[in-house]
Q: 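Here's a structure for you.
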Amino acid sequence: MALIVQKYGGTSVGSVERIENVADKVAKFRDNGDDIVVVVSAMSGETNRLTEMAHGIMDTPTPREMDVLLSTGEQVTMALLSMALEKRGYGARSFTGGQVKILTCSTHTKARIQEIDGSRIQAQLEQGNVVVVAGFQGMDEHNNITTLGRGGSDTTAVALAAALEADECQIYTDVKGVYTTDPRGVEDARLLASITFEEMLGLASLGAKVLQIRAVEFAGKYKVPLRVLSTFDDG
C-alpha cells in the first residue's frame with residue numbers, strides 16, 4: 001500500500017464528465033489499497049472567466065480580492081470530485097488550502113508556500129477517506145486567502161507530497177509525460193523515459209508548460225518522486 005498524491009489539471013476536470021473520469025481513476029487506486037490525496041485545479045477556462053469578470057468591474061482589481069475570487073475555481077472542482085467519489089461508494093473529504101493549513105507568505109497572487117500542517121489530511125486518510133484539496137491556494141499568517149500564481153496547483157501537489165512523505169506525486173495532464181518539445185505542436189516530439197530535476201528545472205525556466213518551476217524546485221529539494229501522466233489514457 002502506498003501514499004500517492006495526484007494532481008489533476010484544468011483540462012482533466014474541464015467538465016462534469018471529465019470529473020467523473022477522474023473519480024474512476026482515483027477509485028482504481030483505492031481498490032488497490034493505496035491512500036490517495038488529490039489536488040485539483042479549476043475547470044479549464046474558469047480562472048480566465050473569473051478574471052474577466054473582475055476586470056469588468058475594476059480596471060485594476062486589488063490583489064487581495066483577486067485571490068479571494070480566483071480561489072473559488074478550485075473549490076468548485078474539489079466539491080464536485082468528492083461528490084463523484086461518494087456516489088461510487090468511496091469516502092471523500094474536500095478541503096481548501098487554508099483548511100489544511102497551507103501557510104504562505106502574504107504576497108497576493110504569487111504567494112510562496114512556507115509551511116504545511118499535514119495532520120488534518122493524515123487523520124482523514126486514517127479513516128479511509130480520499131482527501132481532495134483545492135490547489136493553487138493557501139492562507140497567510142493573518143488568515144487572508146492567497147494564491148500561488150498560474151500553475152500553482154502543481155506546487156501544491158508537490159509540497160503536500162513532501163509534507164506527507166508520500167511515496168509518489170503524480171501530475172495528470174493532457175499529455176503522456178515530458179517530451180523533448182511540445183507534442184501538441186510538433187509531430188516528432190519524443191517522450192522522455194526519465195529526466196533529472198535539474199534538466200526539468202531548465203526546461204521549466206525556458207517556458208515549458210508541463211510543470212510550474214516552483215513545483216520542480218520543491219520536488220528537487222525534498223526528493224519527491226514525480227511522474228507526469230495523461231488523464232486520458234486508460235488504466
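Not measured: the values here are computed from a predicted model.
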Q: If you measure only the distance, is there a donor-acceptor pair under 3.5 Å linking the side chains of Gln124 and Glu126?
A: no
Q: Report the residue from Val68, Thr109, Thr107 that forms a side-chain contact (heavy atoms from CB on, under 4.5 Å) with Pro63.
A: Thr109
Q: Using a distance-only test with no angle check, is there a side-chain donor-acceptor pair under 3.5 angstrom linking Thr104 and Asp140?
A: no
Q: Determine, using the 4.5 Å side-chain heavy-atom cutoff (strictly less than), whether Ile116 and Leu226 are members of one ILVMFWY cluster.
A: yes
Q: Which heavy atom of Ala134 sits nearest to which heavy atom of Thr156, and what is that distance?
A: O-CG2, 4.3 Å
Q: Could you walk me through whether Leu3 and Asp34 pass side-chain contact (heavy atoms from CB on, under 4.5 Å), step by step?
A: CA-CA 6 Å; Leu3 170 56; Asp34 296 319; over 6 Å; no
Q: Examine Leu80 and Val13 and state if one hydrophobic cluster contains both, with Ile, Leu, Val, Met, Phe, Trp and Tyr joined whenever side-chain heavy atoms are less than 4.5 Å apart.
A: yes
Q: Please report the interatomic distance CD(Gln137) to CG(Leu148), rounded to the nearest 0.5 Å.
A: 8.0 Å
Q: Quick check: closest heavy atoms across Ser41 and Gly9, and the distance to 0.1 Å?
A: OG-CA, 3.6 Å
Q: Output the distance between atom OG1 (Thr155) and atom CZ (Arg112), rounded to the nearest 0.5 Å.
A: 9.0 Å
Q: Within a 6.0 Å radius of atom CG on Asp59, are there more than 12 heavy atoms belonging to other residues, nucleotides or ligands?
A: no
Q: Same hydrophobic cluster for Ile4 and Val22, using side-chain heavy-atom links shorter than 4.5 Å among ILVMFWY?
A: yes
Q: Is the shortest heavy-atom distance from the side chain of Phe95 to the side chain of Val132 under 4.5 Å?
A: no
Q: Should Val38 and Tyr172 count as side-chain neighbours, where that means a heavy-atom distance under 4.5 Å?
A: no
Q: I'd like to know if Ile102 and Tyr222 are part of one continuous hydrophobic network [Ile/Leu/Val/Met/Phe/Trp/Tyr, side-chain heavy atoms within less than 4.5 Å].
A: yes
Q: Kindly compute the distance separating CG (Leu81) from CZ (Arg18), expressed to the nearest 0.5 Å.
A: 15.0 Å
Q: Mind checking what makes salt bridge (charged side-chain N to carboxylate O under 4.0 Å, His left out) contact with Arg49, not counting sequence neighbours?
A: Glu46
Q: With the threshold set at 4.0 Å, does a side-chain nitrogen-carboxylate oxygen contact exist between Glu165 and Lys223?
A: no
Q: side-chain contact (heavy atoms from CB on, under 4.5 Å) for Ile113 and Leu103? Distances and angles first, verdict last.
A: CA-CA 6 Å; Ile113 295 174; Leu103 179 67; over 6 Å; no
Q: Where is the tightest heavy-atom contact between Arg150 and Phe136, given as atom of each residue plus distance?
A: N-CE1, 4.3 Å
Q: Before giving the answer on side-chain contact (heavy atoms from CB on, under 4.5 Å), spell out for Lys7 and Asp154 the whole-Å C-alpha distance, their side-chain angles and the decisive distance to 0.1 Å.
A: CA-CA 7 Å; Lys7 178 261 179 176; Asp154 290 348; 2.9 Å; yes
Q: What pairs with Asp35 under salt bridge (charged side-chain N to carboxylate O under 4.0 Å, His left out), at least two apart in sequence or on another chain?
A: Arg30
Q: Against Val133, only a single residue in Val37, Val5, Thr96 fulfils side-chain contact (heavy atoms from CB on, under 4.5 Å); can you say which?
A: Val37
Q: When rounded to the nearest 0.5 angstrom, what distance separates OG in Ser94 from CE in Met83?
A: 8.0 Å
Q: Nearest 0.5 angstrom please: Thr146 OG1 to Gln114 CD, how far?
A: 9.0 Å
Q: Mind checking whether Glu20 and Arg88 have side chains closer than 4.5 Å, heavy atoms only?
A: yes
Q: Applying salt bridge (charged side-chain N to carboxylate O under 4.0 Å, His left out), name anything that partners Arg120, two or more places apart in sequence or on another chain.
A: none
Q: Tell me the closest heavy-atom pair linking His142 and Ser106, and the distance in Å.
A: CD2-OG, 4.1 Å
Q: Determine, for Glu115 against Lys101, whether the closest basic-nitrogen to carboxylate-oxygen distance falls under 4.0 angstrom.
A: no
Q: So how far is it from Asn129 CG to Ile36 CD1, rounded to the nearest 0.5 Å?
A: 13.0 Å
Q: Between Glu74 (side chain) and Ala42 (backbone), is there a donor-acceptor pair under 3.5 Å?
A: yes
Q: Give the minimum heavy-atom separation between Val224 and Cys169, together with the two atoms involved.
A: CG1-CB, 3.8 Å
Q: Please report the closest heavy-atom contact between Leu50 and Leu69, naming both atoms and the distance.
A: O-CD2, 3.4 Å
Q: Apply the test side chain to side chain donor-acceptor pair (under 3.5 Å) to residues Asp67 and Thr147: give CA-CA distance (whole Å), side-chain angles for both, the deciding distance (0.1 Å), then the verdict.
A: CA-CA 6 Å; Asp67 277 356; Thr147 64; 2.5 Å; yes
Q: Going only through I, L, V, M, F, W and Y residues with side-chain contacts under 4.5 Å, is there a path from Val76 to Val16?
A: no
Q: side-chain contact (heavy atoms from CB on, under 4.5 Å) for Val26 and Tyr8? Distances and angles first, verdict last.
A: CA-CA 11 Å; Val26 174; Tyr8 292 91; 4.1 Å; yes
